[in-house]
Amino acid sequence: MTLRLYNTLTRKKEDFVPLDPGNVRMYVCGPTVYDRAHIGNARPVVVFDVLYRVLKALYPPPARVTYVRNITDVDDKIINAAREKGIAIDRLTAETTKAFHDDMAALGALDPDVEPRATEHIAPMIAMIGKLIAGNHAYVADAPSSSEAVGQRQAHVLFHVPSMPDYGRLANRDRREMIAGARVEVAPYKKDPSDFVLWKPSTPDQPGWDSPWGRGRPGWHIECSAMSEAHLGDSFDIHGGGLDLIFPHHENEIAQSTCAHGGAPFVRFWMHNGYLTVNGEKMAKSAGNFFTVRDLLAKAPGEAIRLFLLKTHYRAPLDFTDECLKEAKSNLDRWYRALKLADDRLQLTDFQKNASALNPADPSPDIVEVLKDDLNTPMALSRLGIDADAVFAADAADDLSGLRMNAEILRASGKLLGILQDSPEAWFKQAPRVYDYVASGGIKFGASVEVKFIPSEKTIVDKIKARVQARKNRDFARADEIRQELSAAGIVLEDKPDGTTEWRRE
């Protein structure tokens, strides 16, 4: 099957044919770095990470895939957040960007090939605005009086929406309807209520850059148009983001880029992931159901959060609940148990493991096919469960060749989805999060939770050594007591015929 993707622009699935098969190009809107990423922000990162992995598999070297995801580091939200925290804007954006990178790495997301920052692309933005003015698609409107020194010009530059006849095609709505729905500011300096800002004046205490229209800063929409042009050219294959970005952000990107490039097509495929709710309600700090990725990493492994995000098709609404996250963790436990079973039975040497890593198996063809159908990750995960079943079946049949082959397919298929890349030993020995100890009935996130004693790995190893010594001393009562202590802390011991003892966390 050819890769088929749902195109928001045409509102149907289409065969994906890149403009240049030797260089598939994709741009995804990245974070505005004023606060930590929440679980809703994580969804597009994980969704388009899977698409990136699939594209890399379908277009292997010498072809390449160029994935660009931007950082918006100049924005009014950033200015306001820095003021509220009482810190410099540079410090806020640096700290928030690092936190974003750490959190997305914990979710198993690959780094994009290019990660442009808005503040590093001011000159291309000014150049693009100049082209729009020259083409009569934008105009300069002098700003009201400001605190700037007398004699210094300060002006807004606005895109004139009526200059683009098919404006609104992406959102598939009438222009007047979009204005009303978006509550667009109707300022006295606008020629048309739908016109939007490309450049705006900065006061002395706001970040700003010199321009032909005075000291100022870019509007949000022009940033992505200039950054995508700089790294992917005038036209490219895929542009992604959340459903909330269709209007006005992506609609305005199309207008700017198309008009700046003399009418040349901007993006062939527009892809958008669905909204995320929490326990059936819109996520909001005021509702007490607002959770950052960092909040959730304290409750469950990043891989479980990732799996949860992939269990619903990317275009469908996704409801976040504690039971769904618990189910994702349970799925991963089973799949890692299959891999651990294979590793234990095969007892591969380090050389064999390294050789296998250098010559990995291909993912399951069934999983590749369903992912080629508009990233059907729920079906792919269902097939991954079948791959795990094949590992258990090969073990039961004492088929060591089949055991190794099926385990490698399971790992390769997991890699395409960004999961099952840890060693089974590390997975089962990782320190439990608070979430691992919630009552079976579930909890409300953010509530205080009673947890039982969580021993460190050193404590566990020391207790196992003490138990081994107790058994050598024929003090079986003490040995049983230690086993019960560890069991109460969620540690399962597995005694081997050769006298060694392995352990894992429940």
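The chain is numbered in sequence order, starting from 1.
- In this structure, the side chain of D295 engages the main chain of T292 through a donor-acceptor pair within 3.5 Å.
- In this structure, D244 contributes its side chain and Y275 its backbone to no donor-acceptor pair below 3.5 Å.
- A distance of 4.5 Å separates CG of L318 from OG1 of T312, quoted to the nearest 0.5 Å.
- Under the side-chain hydrogen bond (donor to acceptor under 3.5 Å, both in side chains) test applied with E229, the options Q256, H261, H121 reduce to a single match, H261.
- By the 4.5 Å heavy-atom criterion applied to side chains, D113 and R25 are not counted as neighbours.
- With hydrogens and angles ignored, the 3.5 Å screen pairs a side-chain donor or acceptor of S202 with a backbone N or O of P207.
- The NE2 atom of H160 sits 10.5 Å away from the NE2 atom of H137 when rounded to the nearest 0.5 Å.
- Salt bridge R64/D20: absent, no basic N to carboxylate O contact under 4.0 Å.
- Using cut-offs of 30° and 60° on the angle between ring planes, the pair F320 and F291 is tilted.
- At least one side-chain heavy atom of I254 sits less than 4.5 Å from a side-chain heavy atom of M164.
- Checked against a 6.0 Å centroid threshold, the rings of Y67 and Y27 do not count as neighbours.
- No donor-acceptor distance shorter than 3.5 angstrom exists from the side chain of E120 to the backbone of A118, with no hydrogens or angles considered.
- To the nearest 0.5 Å, the span separating CE on M26 from CG on L55 amounts to 6.0 Å.
- T321 and N279 form no side-chain donor-acceptor contact under 3.5 Å, judged by distance and modelled atom types alone.
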Evaluation steps, side chain to side chain contact (heavy atoms under 4.5 Å, CB included), between L110 and R53: CA-CA 9 Å; L110 300 172; R53 292 168 184 268; 3.5 Å; yes
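- Relative ring orientation between H221 and F196 is described as perpendicular, the plane-to-plane angle rising above 60° on a 0-90° scale split at 30° and 60°.
- We find the CG-CZ distance between D75 and R217 to be 8.5 Å, quoted to the nearest 0.5 Å.
- With sequence neighbours excluded, no residue forms a ring-ring contact (aromatic ring centres under 6.0 Å, His included) with Y59.
- Summarising the geometry, atom CG belonging to N7 is positioned 10.5 Å from atom CZ belonging to F16; distances are rounded to the nearest 0.5 Å.
- Here the closest non-hydrogen pair linking Q206 and P201 is OE1-O, 4.1 Å.
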Criterion side chain to side chain contact (heavy atoms under 4.5 Å, CB included) on I367 and L371, from CA distance to verdict: CA-CA 6 Å; I367 289 179; L371 288 175; 3.9 Å; yes
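- Here the closest heavy-atom approach between residue P60 and residue A57 is recorded as CD-O, 3.7 Å.
- No donor-acceptor pair closer than 3.5 Å links the side chain of E253 to the backbone N or O of P248.
- Atom NE2 in H101 sits 3.5 Å away from atom CD in E115 (nearest 0.5 Å).
- With a 4.5 Å cut-off on side-chain heavy atoms, T93 and T119 do not count as touching.
- Distance alone, capped at 3.5 Å, is enough to place a donor-acceptor pair between the N70 side chain and the G30 backbone.
- Classification of K13 and D373 as a salt-bridged pair holds, one side-chain N sitting under 4.0 Å from a carboxylate O.
- Remark: E408 does not engage R411 in a salt bridge, criterion side-chain N to carboxylate O under 4.0 Å.
- The backbone N or O of W270 sits less than 3.5 Å from a side-chain atom of T8, completing a donor-acceptor pair.
- Note that R69 lies outside the cation-pi zone of F48, set by a 6.0 Å cut-off to the ring centre and a 45° limit from the axis.
- Classification of E369 and R383 as a salt-bridged pair fails, no side-chain N sitting under 4.0 Å from a carboxylate O.
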Intermediate values then yes/no, side chain to side chain contact (heavy atoms under 4.5 Å, CB included), L132 and V157: CA-CA 10 Å; L132 291 170; V157 183; over 6 Å; no
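- The shortest distance between side-chain heavy atoms of L19 and S235 falls below 4.5 Å.
- Close placement of the F290 and H38 rings is indicated, their centers lying within 6.0 Å of each other.
- When side chains are defined from C-beta on, I386 does not count as touching D366, because their heavy atoms never get closer than 4.5 Å.
- Pairing each heavy atom of D237 with each of V267, the nearest pair is O-CG1, 3.9 Å.
- In this structure the side chain of N252 never reaches within 4.5 angstrom of the side chain of F159, judged on heavy atoms.
- The main-chain N or O of L309 is never found under 3.5 Å from a side-chain atom of R43 such that the two would form a donor-acceptor pair.
- Within the 4.5 Å cutoff, the side chain of H250 has heavy atoms near those of the H272 side chain.
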Full working for side chain to side chain contact (heavy atoms under 4.5 Å, CB included) between W213 and I129: CA-CA 11 Å; W213 319 288; I129 294 171; 3.4 Å; yes
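- Between V140 and I133 the shortest heavy-atom distance is CG2-CD1, 3.9 Å.
- With hydrogens and angles disregarded, a donor-acceptor distance shorter than 3.5 Å links the side chain of Y139 to the backbone of K191.
- I78 and T72 make their closest contact through CD1-O, 3.5 Å (heavy atoms, listed as atom of the first residue, atom of the second, distance).
- Side chains of K311 and C324 form no contact here, defined as non-hydrogen atoms less than 4.5 Å apart.
- A salt bridge links R4 with D15: the distance from a Lys NZ or Arg NE/NH1/NH2 to an Asp or Glu carboxylate oxygen falls below 4.0 Å.
- Between D374 and R315 there is a salt bridge, since a side-chain N of the basic residue sits under 4.0 Å from a carboxylate O of the acidic one.
- The closest donor-acceptor contact from the side chain of E251 to the backbone of A171 lies under 3.5 Å.
- Using a cut-off of 4.0 Å between Lys/Arg side-chain N and Asp/Glu carboxylate O, D35 and K77 are scored as not salt-bridged.
- Scanning both residues, L310 and L381, for their nearest heavy atoms gives O-CD1, 3.6 Å.
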